[in-house]
Structures are given as C-alpha cells and as structure tokens.
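Structure first, commentary second.
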2 protein chains.
Amino acid sequence: MSARRKIIVAAAQMGPVQRNHTRKQTIDRMVVLLNQAADRGADIAVYPEAILTPFFPHWHIEDEQELLGYFEDSMPNGGVQPLFDAAKDRGVGFSLGYAELTEDGRRFNTQIMVSGEGEIIGKYRKIHLPGYSDPRPHEPVQNLEKLYFEVGDLGFPVWEAFGGRVGMSICNDRRWPESYRVMGLQGVELILIGYNTLMHVPAMAEVDHLQSFHNLLSMQSNAYFNGTWVVAAGRAGVEEGISQLGQSAIIAPSGEVVAQAYTDGDEVITAEVDFDACNIFKKYMFNMREHRRPEHYGLISAPVSETWDAGELLDTQPVSGR
Amino acid sequence: MSARRKIIVAAAQMGPVQRNHTRKQTIDRMVVLLNQAADRGADIAVYPEAILTPFFPHWHIEDEQELLGYFEDSMPNGGVQPLFDAAKDRGVGFSLGYAELTEDGRRFNTQIMVSGEGEIIGKYRKIHLPGYSDPRPHEPVQNLEKLYFEVGDLGFPVWEAFGGRVGMSICNDRRWPESYRVMGLQGVELILIGYNTLMHVPAMAEVDHLQSFHNLLSMQSNAYFNGTWVVAAGRAGVEEGISQLGQSAIIAPSGEVVAQAYTDGDEVITAEVDFDACNIFKKYMFNMREHRRPEHYGLISAPVSETWDAGELLDTQPVSGR
C-alpha cells in the first residue's frame, strides 16, 4: 500500500588533506569511505567542499602555476577515475566538491552529483563566496575565496534524482536562507552540502566558541523552513596547522539532527531519508503558495546597492529617537 | 570612550485571556507587567499577539457583531488608555498586538510600538497569516486568521527608536526568513515579536512535540542570519481549553537565547540589549553588500504562481531518475 520514497544517504566526513598528501592517497581514502557507505546500504555519499586538495584559500598563493595545481581542468579525470569506478561497481552515487578550471580559464568552487552508474548528473558552482580578495598578511589564516574563484553562474538548480528532488550548496551558502529558499521554491526534498569551516576566524574571534552551534543552527532552521532533508559533510581535524569544525550531519525536514559525526577524521554517517517526510511541512505550515507574500519581498532580490550599507556602522554613534 | 548603545528590553508573557475576562481585567494585568518591567530598568516591554482578547481565530464566529467585538476601532481608546498612561508615567515604551478595525471596515492583525512618552511611533500589520479561511468543523480548534484578517499592507518597516533600528513581526511571520531579511536589508538591530502558538495543531499533530524547538529555532537562526536582537512575547497556558506554548524569549544577534520565560502564565523577562553587538555579524560574516547575490534570488520575489506547487504532492509517487 505504500508508495513512500525512501533511500539511505551518507555523509563522508574527511580529516585533513595535507600539502604533502598525494592526490592518489586522498582518492584512496575516498574510495574506502564510499565502500563503507555502500556496506551500510547507502544510495549516495556526500563529500566535503574542494576535498581533492588542502583548502588552499587559507593561504595566499602568488604563483599562478602553483595555484592552478589545486584545480581540476576536467571531470572525471585520471586522478579521480577510481572513485567513479567504485561508484559504478557498488551502485552508489556521490556528490564531490572540487576546484574547477574551465576550458576558457575560469575558476569556480564546484560540486557535482554522480549517479550510481558513475555518471555526472548535476553540477553546482558556489554562489556565496565568503572572505575577501585582498590578502591580509597580518592575519594567521586567509579567506581568499573571492580572489581564487568567480561567483557561481548556474543558480540553485534542483534535479529529479535518487528518487526525489535534489539540490546542492557549498559551505557558506548554508548560512544564507536565500540558498535554500530558491531550491525550496522548486520543491527541493534533499540538499547535499560540502563544507569546510574554520574553528578560528580572525575577524570574528569573539564568536569562535559558537562555530558548532552556528553550523547546526543554519542547516536545521533552513531544513525546517523549506521542509527538506539536508546531508552535510565537512572537513575535520587540523590541516596545515588550521583547525576545521567537522560535525558533519544529516538533518530531517523537521530540523532534527538524525545523524552526526563525532570524530575529527574520516568518518561515515548514514540515515534513512523518507522523502515523504517533507510533505507535512510543504503542504501545511510552509505551503509556499498559500502563505508567502512575495509582493512584500522585493528588497530581497533588489540590487545590493539599494539596500542598507553595513559601512554605516563603522562610525558607531547613538542614532536619534527615543 | 564608549559610544555603545545599550538598553534594557522586556518580554511580557501573558497567561490566558478567557472569554469571561473583562477588557479592564486584562489591561490591569498588563499594567502590572509594565510596572514590573520598569522596576527592572526596562526601556521597552513587548506583549503577545492580539492580547486584549482571547485568541478568537481559534473558533468560528458567524455573527458579525460578535466578531467585531474582538476588534479595536481606535488606538489608543478608553479601554487601553491606562496602559498608555502607565507607559508615560514610568517612561517605559511598549509594543502591543491587537485586532484592528479601520474606519473603512478593514480588519488587520496589528502590532504597534509606543514610546516612553506614551506616543504611538510605529505600526505593523501581520503579513504571514497562517491557517485557512474555510472553517473546519471536524477539527477541535480552528485557525481562521485568513477569514478574519486581511494580509498586512504596510510591508516590514524599520524605525529609528529606543536608540537603535527597530522592526516588528507577528507570530507566524517569525517562521518565514523573508520577514527578518526584508528588515535585515534595512539594517534592523532589534525585532519585537508578539505570538500565540498552539501546542497541538490538528493538521500537523505528528510534530506537536517539536513546538518548543521550532519556536526557538525560527528566531535564533534568523537573529543570527541578520545580526539582530529579537524580543518575543507569547501567550501561555490553557485558554478556552486550548494549550499555548509560552516560552517567551530574548535572543542575541549570535542566535543565543539570553533570557527565557519558564512559567505558563504572566511573566516578565528582561535582558540588556547592546545594539553594537550586531556589528560583528553585519560587518563580516553577513555583510550583505559584500556577500549576497540577488541576481540569483529572483524566484524569492516572483509571484507564487511561478513557483512549485505543493499540490503536486497530493499524489505521491516515486519520481523518475536513479
């Protein structure tokens, strides 16, 4: 009597990828994780952001050839082929984050979705690049994504895949409700997220102790607001001296965390995803056609130049009133 | 050396307002709470949604005159004047939710902001009306806001008041990130919310146990995403046989709950609000001019007819793919 749509999902958290690790060593670890996920019945495994290399936006690379060494100029390629082969062999799909170099020399922070037949069926390019484009030599760790990558140009697509409607986001995207909402307005039921979150952000050191709270808060809330599952895999442990959050998680449309990593290294977590568990939220509380009022949301899609400028805060003075 | 802007805020949670309570009894309770807030140094106290009467959208009222008896046709009026007088006397502002009947017969679910001089300085009309407009006689409790109220027509304004930039939202508005974001894009630093949340929602009974989690999740996350304080006052206890959540809370721009009610009745909670605690989020992580990409957000302000229809869910079948 049941037409319920259920799959098993996995988040494949990964410990550090150091500069002296070879690409082959890293791919070998990923194949091990894929096999662990398959052994636990997974239909798809999600890997962290830009995981084929160390997270190089954390330092300033002035040499162009050295920088391009962190990028993939084709996908799949010889290096990652074993991962595609393993996927096909085990019948397990995956979602992989990597630094993409296009034929015409453009650079993106990219994530793909690969079917259990080993075919690329979706691609997303990161839209919310954090940080800055000018190196800050006085800070112990850089956040140079705005220097190394262009803003993604593919929007927030949703694919019919793995038995449901599936979208992707990357790292900082998960802190912006707009990312989830654009997919929610296309009926998304499962969002695959790779990330890489610092335990210490120099510009915001006074809230370092809240990194774990903010990671879960961002994903739990937006899963609930959009009635969607979220599977998120993070980089963990100390990479090139820099501590990463980890805390990979699988989150239900209720906002509840149903699986969570507990180590600071390579670790697979799995959960059953019932796509129909989204329905109660999508039909009632968050029925977007019935309750949303876009005539009052114009400012959200207005050019940023039309909105309030945080630069006004630089000279903090009591405002008038009261 | 400090130009930091600090005030004390209060949430004035209220227990049930039964049908046999007189308007005077209710106002007397509100004055008691205002004085408690003043004794604790508050600059402003926030009351729950539509608090001058029982929350009448919970039942179907067919008689027009009976229905209009729940509305205020002017503000202030003789009934609530003692509250305005107390505010002026103590120098404490307040924010009050009430059912508004306009001169031309329109009905809104409204909240006002009143200065410590007892003057109305802001008005908001609820935009995200939950529920439905057709009574559901088979259900033990109704949610007829869409029958009794029009959608608010004032947008989400932000005022310079009480030393900062202040906005308002009402109940179900707090579950929609758009409400906070439209104010965030105007630099909001403090959002005043009155609400009234059922412990048992017939159409979503399977997630009744999450009412408390969802209440805090919605406000904590959006406070963080927009780097703003939130002060939220709920109706609590059993009103006309219907259980209300309570759980009034004051939330920091970090998303942390800094004060929370613990009773199911009339209760004042207070906290110090440092408006400059918003700055770290507004300047860096959530600097909206630097990081937002509205060119990819078009669907959010598109007419609802252009977005995915949850009605498609009614015949749940496996979708193609995989």
Side-chain angles (χ1 to χ4, degrees), chain A residues 3 5 115 127-128 130 151 155-156 160-164 177-178 181-182 185-187 203-204 206-207 210 214 217-218 220-221 224-225 254-255 276 279-280 282-285 287-289 291-294 296-304 307-310 313 316-322, chain B residues 3 5 115 127-128 130 151 155-156 160-164 177-178 181-182 185-187 203-204 206-207 210 214 217-218 220-221 224-225 254-255 276 279-280 282-285 287-289 291-294 296-304 307-310 313 316-322:
Chain A
R5 300 166 294 144
S115 73
I127 285 174
H128 296 98
V151 171
F156 291 101
E160 294 209 348
F162 299 98
E178 290 89 343
R181 186 60 108 212
V182 172
L185 289 168
Q186 301 171 75
M204 301 186 75
E206 68 198 68
V207 291
L210 300 177
H214 288 158
L217 181 66
S218 298
Q220 292 183 271
S221 59
Y224 168 60
F225 299 145
S254 63
D276 288 348
N279 298 5
I280 191 170
K282 290 182 186 293
K283 282 183 190 172
Y284 188 74
M285 179 74 82
N287 187 311
M288 298 200 187
R289 286 210 178 191
H291 304 313
R292 291 180 80 251
R293 303 294 168 199
H296 291 295
Y297 306 156
L299 208 53
I300 295 176
S301 57
V304 293
T307 59
W308 177 81
D309 184 355
L313 282 171
T316 300
Q317 297 295 337
V319 297
S320 62
R322 169 109 195 291
Chain B
R5 300 165 292 143
S115 73
I127 284 174
H128 295 99
V151 170
F156 291 101
E160 294 208 347
F162 299 99
E178 290 89 343
R181 186 60 106 212
V182 172
L185 289 168
Q186 299 170 75
M204 301 188 73
E206 69 198 69
V207 291
L210 300 176
H214 288 158
L217 181 66
S218 299
Q220 292 182 272
S221 59
Y224 169 59
F225 299 146
S254 64
D276 287 347
N279 298 4
I280 191 170
K282 290 183 186 295
K283 281 184 191 172
Y284 187 73
M285 179 74 82
N287 187 311
M288 297 200 188
R289 287 209 178 191
H291 304 312
R292 292 180 78 250
R293 301 297 167 197
H296 292 295
Y297 306 156
L299 210 53
I300 295 176
S301 57
V304 292
T307 60
W308 178 81
D309 184 356
L313 281 173
T316 301
Q317 298 294 337
V319 295
S320 61
R322 169 105 194 291

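Not measured: the values here are computed from a predicted model. Letters go in sequence order (proteins before strands), and every chain restarts at 1. Atoms considered below: every heavy atom in the structure, side chains included; atoms not considered: hydrogens, waters and symmetry mates.
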If the condition is salt bridge (charged side-chain N to carboxylate O under 4.0 Å, His left out), which residues does A/R292 pass it with, not counting sequence neighbours?
B/E178
Between chain A and each of B/E206, B/R181, B/Q186, B/K282, count heavy-atom pairs under 4.5 Å; write down the option with the most.
B/R181
How many angstroms lie between CZ in B/F225 and OG in A/S221, if you round to the nearest 0.5 Å?
3.5 Å
Using the test side-chain contact (heavy atoms from CB on, under 4.5 Å), find all partners of B/S254 that sit at least two apart in sequence or belong to another chain.
A/L210, A/H214, B/A252, B/E256, B/F281
Structural part of A/P177 lying under 4.5 Å from a heavy atom of chain B
both
Of all heavy-atom pairs between A/L185 and B/I300, which one has the smallest distance, and what is that distance?
CD1-CA, 3.7 Å
May I ask you to name which of B/P303, B/S218, B/P130 has the most heavy-atom pairs under 4.5 Å with chain A?
B/S218
Straight-line distance of A/R293 CZ to B/I127 CD1, nearest 0.5 Å:
9.5 Å
Select one option (side chain, backbone, both, neither) describing which atoms of A/V207 are under 4.5 Å from chain B's heavy atoms.
side chain
If you tally heavy-atom pairs under 4.5 Å against chain A, which of B/G298, B/S115, B/A203 wins?
B/A203
Which atoms of B/V151 come close to chain A, meaning under 4.5 Å heavy atom to heavy atom: side chain ones, backbone ones, both, or neither?
side chain
Would you confirm whether B/R289, through its side chain, and A/T307, through its main-chain N or O, come within 3.5 Å as a donor-acceptor pair?
yes
List the atom of B/H296, the atom of A/G155, and the distance in Å for their closest heavy-atom pair.
ND1-CA, 3.6 Å
